[in-house]
Amino acid sequence: MPDGYDEEGGVNQEKRFAVALERYIDSKDGDKMNLFAEQEAWEDHQINKATLKFGSKNKKQSDDYNFVFEDQIEFIQEQVMGGVDVDEEEERERSIAKSAHEKLLADRKTLPVYPYRESLLKAVEDHQVLIIVGETGSGKTTQIPQYLHEAGYTKRGMIGCTQPRRVAAMSVAARVSQEMNVKLGHEVGYAIRFEDCTCEKTVIKYLTDGMLLREFLGEPDLKSYSVVMVDEAHERTLSTDLLFGLLKQIARFRPDIKLLISSATLDAEKFSDYFDCAPIFRIPGRRFPVEINYTKVPEADYLDAAIVTALQIHVNEPAGDGDILVFLTGQEEIETAQEILKQRTHGLGSKIPELVICPIYANLPTELQAKVFEATPQGARKVVLATNIAETSLTIDGIKYVIDPGFVKMNFYDPRTGMESLKIIPISKASANQRAGRSGRTGPGKCFRLYTAYTYYNELDDNSVPEIQRTNLANVVLSLTSLGIDDLLTFDFMDPPPSEAVLKALELLFALGALNKYGELTKVGRKMAEFPLDPMLSKMIVASDKYKCSDEIITIAAMLSIENSVFYRPKNKQVHADNARLNFYTGNVGDHVALLNVYNLWKETNFSAQWCYDNYIQLRSMKQGRDIRDQLKGIVERVEIELVSNSGDLDAIYKCITSGYFSHSAKLQKNGCYRSVKHPQTVYIHPSSGLCEALPRWVVYHELVLTTKEYVRQVSEIKPEWLVEIAPHYYELKDVEDLGSKKLPRGKGRASKL
DNA sequence: GAGCACTGC
């Protein structure tokens, strides 16, 4: 293994990156960089974009110090978001505590929630459901479960506390286990996907909301819990929204269970109304006041306005008094902003203090994300260019100024077309306040909103559209049905999803054979519900029992579930990367089998990292695929699907895929585009597909996304007669009648290997 | 010949 390299990351990571960086710099001179060094240094093309701009000499000579002042944006200070001061006496008390554990215990008493301990316990005793409004820093997440434990609630069952994110569940559990002086995983534990850190002794359990939802499926009355606390409920994830409905329902026949719903101020009344006027218990937070500024007039170009504002803050406010956080919508915007900021500050030279630019977004490699958390050098100022990741998922210390252009990129699903698309839309008031609050964590903050006060008050929605109203519901409907909820159109959702989306999901589940004509779960549906996958993928796996190729199919299902592409394609090595990728397509196979080949070849090398580098494959994605595959393998055994391999019979594999994806069939048209068979719509094969040039006559596809065109991604060729054979309830012979190849483009539409 | 908000099971 090359020096400085550590497969599992961790201790060697820093060294490893330094080594790679050196090689990268060397290669810039000699242009004889080997692939390994390249991938180490890049991991993907974003690394280059993010930090390495050697030799970029594009200084803007004309820009000088005055520039910043010429282009000023006028702000109006409108309001101050109140804060609660930190009690210095308590701080002192805490610091003189003796042992580490004593200090922890003293710490507990300084939290804003502590004075409310008795009244809170009384409220829980008197009411089955309680809405808790606890601002950030109140200590609610760590303390309330402990108070309830101390009061004896754990004698009747566990206290479960849900979190929207895995890291939160893990770190909060770790903290509480320290405070209680117990080993993590014993009395205090956590459960997240792929990792159950609990045992029979566990009485306080932190878990992701999605995990509790899974537990519901196995234990519909949650009898092992005496208390469930849904934390960060205002985030309205798909899972919390489902938990609301389910918890509200079990509260009726389980008078002994206590529910705590913890939410932010803005929508506490809404939560209370939903839970039959449950009382609202308010706990102050520990946040500093934030000054809110709006622009005088609307800004047409928010990216430019954000950059100008950042520079304005930088030169007008004393250096070293706090860093700047700018909210942008995506990677490309962040890269552009970074480039412009670099040019302009370069132009100002030594006239201004140093400005350290830190991009951060989810797809940025972890070692580069770490840069955001490094201390700002003396006399310099940091400007963090972030996506929405900085709104909730991570907290950066030292931020005093927030610049909020007021936009976010959000995914929407159109149930009518079955198409997904990412749209840039204005944020909500709740989101704007959350962003502003990011500036008041370590001291008084200032927020600059790049929109007018009028816009804030009159044009922004109070809250964002909850996820449940803008997503494909196929999996939700299957899960709820398996919990015995048969009438989803009247189910008590806090915000019901569009009925069109529910009907579309029911229609699909019926077509897949998961539901019968009475809307009841079938044997097939029951098996499908066990898989944490989209129902079309689950069906594909269930069908693999019949075609005797479950081993291959769970690999394909796992590979299709990976978040990012497994194919690594750095910008300056695209030709090499594309050539390497072709190896996985030998035999003119589709994208599904290509993914299968990638996994199997990797497995043959005993999951070698070097192999990934040699073949332009992203190691991290592959590891994720392996984890998912292992989980699917366990479920396949549990639902008694025989795990068998039949790698020689590709038709069996394609038929399995068709069993899940027959509704995603498309037929080649004269002009090289495709038309979906049942709901006529013109689509195109995505250029990243191995079949985008072969253009087979009939295909099934995994997903349909709207970007610059209506693209289908992950495509395989099928025989049209399979559609009638596999889904006779869905297709008639006339649907798949072939008009012959004469009308097709020359050389295209051949039934390649079939 | 193209585009990557953010989570989660």
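Keep in mind that what you see is a predicted model, and the values were worked out from it rather than measured. All values below were derived from every heavy atom in this structure, side-chain atoms included, with hydrogens, water molecules and symmetry-related copies excluded. In what follows, every chain begins at residue 1, and chains take the letters A, B, ... in the order their sequences are listed.
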Subject >> Phosphate contact (B:dC6 OP1 or OP2) by A:Thr387 side-chain N/O below 4.0 Å >> reply: yes
Original post:
What is the distance from CG of A:Asp231 to C1' of B:dG8, rounded to the nearest Å?
Top reply: 16 Å
**OP:** Check whether the side chains of A:Glu703 and A:Gln714 place a donor and an acceptor atom closer than 3.5 Å, and report yes or no.
**Re:** no
Original post:
Given atom CD of A:Glu563 and atom P of B:dG8, what is their separation to the nearest angstrom?
Top reply: 8 Å
Original post:
Roughly how far, to the nearest 0.5 Å, is the CG atom of A:Leu394 from the CD1 atom of A:Ile396?
Top reply: 5.5 Å
Original post:
5'-most contact on DNA chain B: A:Met410 or A:Cys692, nearest heavy atom basis?
Top reply: A:Cys692
Original post:
Can you tell which of B:dG3, B:dC6, B:dC9 lies closest to the side chain of A:Pro532?
Top reply: B:dC9
Original post:
Which nucleotide in the set B:dG8, B:dC6, B:dA2 lies at the smallest distance from any side-chain heavy atom of A:Pro687?
Top reply: B:dA2
Original post:
Where the side chain of A:Arg470 is concerned, which of B:dA5, B:dC4, B:dC9 is the nearest nucleotide?
Top reply: B:dA5
**OP:** For A:Leu422, answer base if it contacts any base atom (sugar-phosphate contacts may also be present), sugar-phosphate if it contacts only those atoms, and nothing otherwise; contact means non-hydrogen atoms under 4.0 Å.
**Re:** base
Original post:
CD1/A:Ile403 to OH/A:Tyr302 distance, rounded to the nearest 0.5 angstrom?
Top reply: 14.0 Å
Subject >> Nearest listed nucleotide, side chain of A:Lys409, among B:dG1, B:dA5, B:dG3 >> reply: B:dA5
**OP:** Answer syn or anti for B:dC6, where the cut-off is 90° from 0 on the glycosidic torsion.
**Re:** anti
Original post:
Considering heavy-atom distances to DNA chain B, does A:Ile192 or A:Thr329 have its closest nucleotide positioned more toward the 5' end?
Top reply: A:Thr329
Subject >> Pairs involving residues 417-438 of chain A, ordered by first then second residue, that meet side chain to side chain donor-acceptor pair (under 3.5 Å) (sequence neighbours left out) >> reply: A:Asn388-A:Arg435, A:Glu391-A:Ser431, A:Glu391-A:Arg435, A:Thr395-A:Arg438, A:Asp404-A:Arg435, A:Asp414-A:Thr417, A:Ser428-A:Ser464, A:Lys429-A:Asp462, A:Asn433-A:Arg449, A:Asn433-A:Tyr456
**OP:** Would you indicate what A:Thr237 reaches in the nucleic acid, counting non-hydrogen atoms under 4.0 angstrom: base, sugar-phosphate, or nothing?
**Re:** nothing
Subject >> Rounded distance in Å - OH (A:Tyr361) to P (B:dC6) >> reply: 10 Å
**OP:** Let me know the distance between CZ of A:Arg165 and P of B:dG8, rounded to the nearest Å.
**Re:** 7 Å
Original post:
Contact class for A:Tyr711 vs. all strands (heavy atom < 4.0 Å): base, sugar-phosphate, or nothing?
Top reply: sugar-phosphate
**OP:** Determine the contact category for A:Ser239: base if any of its heavy atoms lies under 4.0 Å from a base atom, sugar-phosphate if only primed atoms, P, OP1 or OP2 are that close, otherwise nothing.
**Re:** nothing
Original post:
Nearest to the side chain of A:Thr708, which nucleotide is it out of B:dG3, B:dG1, B:dC9?
Top reply: B:dG3
Original post:
Does any donor-acceptor pair link the side chain of A:Arg713 with the base of B:dA2 at a separation under 3.5 Å?
Top reply: no
**OP:** Could you tell me whether A:Asn411 contacts a base, only the sugar-phosphate backbone, or nothing, with contacts defined as non-hydrogen atoms closer than 4.0 Å?
**Re:** base
Subject >> Distance, rounded to the nearest Å, where A:His686 contributes NE2 and B:dG3 contributes P >> reply: 6 Å
Original post:
For the pair made of CZ in A:Arg569 and P in B:dG3, what is the distance, rounded to whole Å?
Top reply: 12 Å
Subject >> Gap separating the CD1 atom of A:Ile261 from the CD atom of A:Glu232, nearest 0.5 angstrom >> reply: 12.5 Å
Subject >> Integer-rounded Å distance: B:dC6 C1' and A:Tyr413 OH >> reply: 20 Å
Original post:
Looking at A:Ser565, does any N or O in its side chain come under 4.0 Å of the phosphate oxygens OP1/OP2 on B:dC4?
Top reply: no
Subject >> Those residues that, when tested against A:Glu467, pass salt bridge (charged side-chain N to carboxylate O under 4.0 Å, His left out) (two or more places apart) >> reply: none
Original post:
Could you state the CD1-C1' distance from A:Ile424 to B:dC4, rounded to the nearest angstrom?
Top reply: 12 Å
**OP:** Determine: side-chain N/O of A:Thr707 to OP1/OP2 of B:dG3, distance under 4.0 Å, yes or no.
**Re:** yes
